[in-house]
K.L.:
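Next up is a structure, given as structure tokens.
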Amino acid sequence: MQHLGLVSVVVHDYDEAIAFYTEVLGFTLIEDTTLDENKRWVVVAPPGADETGILLARASTPAQARRVGDQTGGRVFLFLCTDDLPRDYRRLREAGVRFTEQPRQETYGEVVVFEDLYGNRWDLIQPRGSGRLTSARS
């Protein structure tokens with residue numbers, strides 16, 4: 001059996017990224033281990049996430065630094081599932097998260113796009129039915 005373990009998000013600064021993910025999005029800091037004077041192993045995850053997390057990887061080259069905030073060329077990058085989109089939408093707006101639209105209904109559930117501290121686009125989504133994202137999306 002396989003599962004997706006970690007997804008890397010390239011960041012400018014470990015501590016500002018940890019603050020955003022934990023204090024604004026409400027994620028849990030799973031690990032923060034210093035590997036050497038320039039590199040840390042930093043993992044965050046939404047509360048209750050059993051198998052999947054985000055590795056916050058500080059850009060270490062100019063090419064990587066240019067990708068911070070635009071890892072997917074402007075497309076939605078990550079999908080944060082919720083069991084109550086109106087609640088989390090209000091909470092995140094009050095915390096200063098930038099939303100690019102109003103919540104909308106789609107065949108797969110209720111969704112709204114937001115940006116992380118660097119501009120990566122995310123879907124905050126309340127899936128229909130089983131709570132899993134199984135419908136094809138464009």
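The analysis underlying the following values was restricted to heavy atoms, covering all of them including side chains, and did not include hydrogens, waters or symmetry mates.
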K.L.:
Can you see which heavy atom on Y21 is nearest to which on I54, and at what distance?
P.N.:
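What the structure gives for the nearest pair is CE2-CD1, 4.0 Å.
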K.L.:
Hydrophobic clustering (ILVMFWY, side-chain heavy atoms < 4.5 Å, transitive) - are F114 and F77 grouped together?
P.N.:
yes
K.L.:
Sub-3.5 Å donor-acceptor pair from the side chain of E51 to the main-chain atoms of G5, do we have one?
P.N.:
no
K.L.:
Give a yes or no on whether the backbone of V113 and the side-chain of E101 come within a donor-acceptor separation of less than 3.5 Å.
P.N.:
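At least one qualifying donor-acceptor pair exists.
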K.L.:
Any side-chain heavy atom of T34 sitting closer than 4.5 Å to one from K39?
P.N.:
no
K.L.:
Quick one: do R40 and D36 make a salt bridge, cutoff under 4.0 Å?
P.N.:
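Looking at R40 and D36, the cut-off is not met.
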K.L.:
Would a hydrophobic clustering, with Ile, Leu, Val, Met, Phe, Trp and Tyr connected at side-chain separations under 4.5 Å, put L6 with V10?
P.N.:
no
K.L.:
Work out which heavy atom in Y14 is nearest to a heavy atom in L56; give both atom names and the distance.
P.N.:
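The answer is CE2-O, 3.4 Å.
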K.L.:
Using modelled atom types and a 3.5 Å cut-off, is there a donor and acceptor pairing between side-chain atoms of D123 and backbone atoms of I125?
P.N.:
no
K.L.:
Hey, are the side chains of W41 and D32 touching, using non-hydrogen atoms and a 4.5 Å cut-off?
P.N.:
no
K.L.:
Show your reasoning for whether side-chain contact (heavy atoms from CB on, under 4.5 Å) applies to L78 and N120.
P.N.:
CA-CA 8 Å; L78 298 166; N120 291 305; over 6 Å; no
K.L.:
Contact between V42 and L29 at the side-chain level, heavy atoms closer than 4.5 Å - yes or no?
P.N.:
yes
K.L.:
Would you say L85 and V97 are hydrophobically clustered, going by side-chain heavy atoms of ILVMFWY under 4.5 Å?
P.N.:
yes
K.L.:
Taking atom types as modelled, is there a side-chain donor on E94 or Y89 under 3.5 Å from an acceptor on the other?
P.N.:
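Y89 and E94 do not have a side-chain donor-acceptor pair below 3.5 Å.
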K.L.:
I'd like to know if the side chain of Q126 reaches the main chain of D83, judged simply by a donor and an acceptor atom lying under 3.5 Å from each other, with no hydrogens or angles considered.
P.N.:
yes
K.L.:
Within the distance-only criterion (no hydrogens, no angle test), does the side chain of R121 pair as donor or acceptor with the backbone N or O of T100 below 3.5 angstrom?
P.N.:
no
K.L.:
Report yes if some heavy atom in the side chain of L25 is under 4.5 Å from a heavy atom in the side chain of L92; otherwise report no.
P.N.:
yes
K.L.:
Closest heavy-atom contact between W122 and V76?
P.N.:
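In terms of heavy atoms, the two residues are closest at C-CG1, 3.9 Å.
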K.L.:
Does the side-chain contact (heavy atoms from CB on, under 4.5 Å) test come out yes or no for R58 and D13, once each step is laid out?
P.N.:
CA-CA 6 Å; R58 189 177 68 192; D13 180 83; 5.5 Å; no
K.L.:
Transitively linked via ILVMFWY side-chain contacts under 4.5 Å: V9 with V24?
P.N.:
yes
K.L.:
Not counting sequence neighbours, list each pair that qualifies as a side chain to side chain donor-acceptor pair (under 3.5 Å) and has a residue in residues 61-74.
P.N.:
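Residue pairs with at least one partner in residues 61-74: S60-Q64.
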K.L.:
Please report the shortest heavy-atom distance between V11 and A17, naming the atom on each side.
P.N.:
CG1-CB, 3.8 Å
K.L.:
Got a second to check how far E31's CD is from L55's CG, nearest 0.5 Å?
P.N.:
9.5 Å
K.L.:
What about L80 and I18, same hydrophobic cluster or not, with Ile/Leu/Val/Met/Phe/Trp/Tyr joined at side-chain heavy-atom distances under 4.5 Å?
P.N.:
yes
K.L.:
With side chains defined as the heavy atoms from C-beta onward, is the minimum distance between P86 and E110 less than 4.5 Å?
P.N.:
yes
K.L.:
Should we count CZ of R93 as having more than 12 external heavy atoms under 6.0 Å?
P.N.:
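For R93, atom CZ is not crowded (no more than 12 foreign heavy atoms under 6.0 Å).
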K.L.:
At their closest point, which heavy atom of V111 faces which heavy atom of E106, and how far apart are they?
P.N.:
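What the structure gives for the nearest pair is CG1-CG, 3.8 Å.
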K.L.:
Measure across T28 and T22 and return the closest heavy-atom pair with its distance rounded to 0.1 Å.
P.N.:
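Smallest interatomic distance, heavy atoms only, reads C-CG2, 4.4 Å.
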K.L.:
Would you check if V44 and I30 make a side-chain contact, meaning some heavy-atom pair closer than 4.5 Å?
P.N.:
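No, every pair of side-chain atoms sits at 4.5 Å or beyond.
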K.L.:
Stepwise, does the side-chain contact (heavy atoms from CB on, under 4.5 Å) test hold for R87 with T82?
P.N.:
CA-CA 9 Å; R87 174 198 67 211; T82 178; 3.5 Å; yes
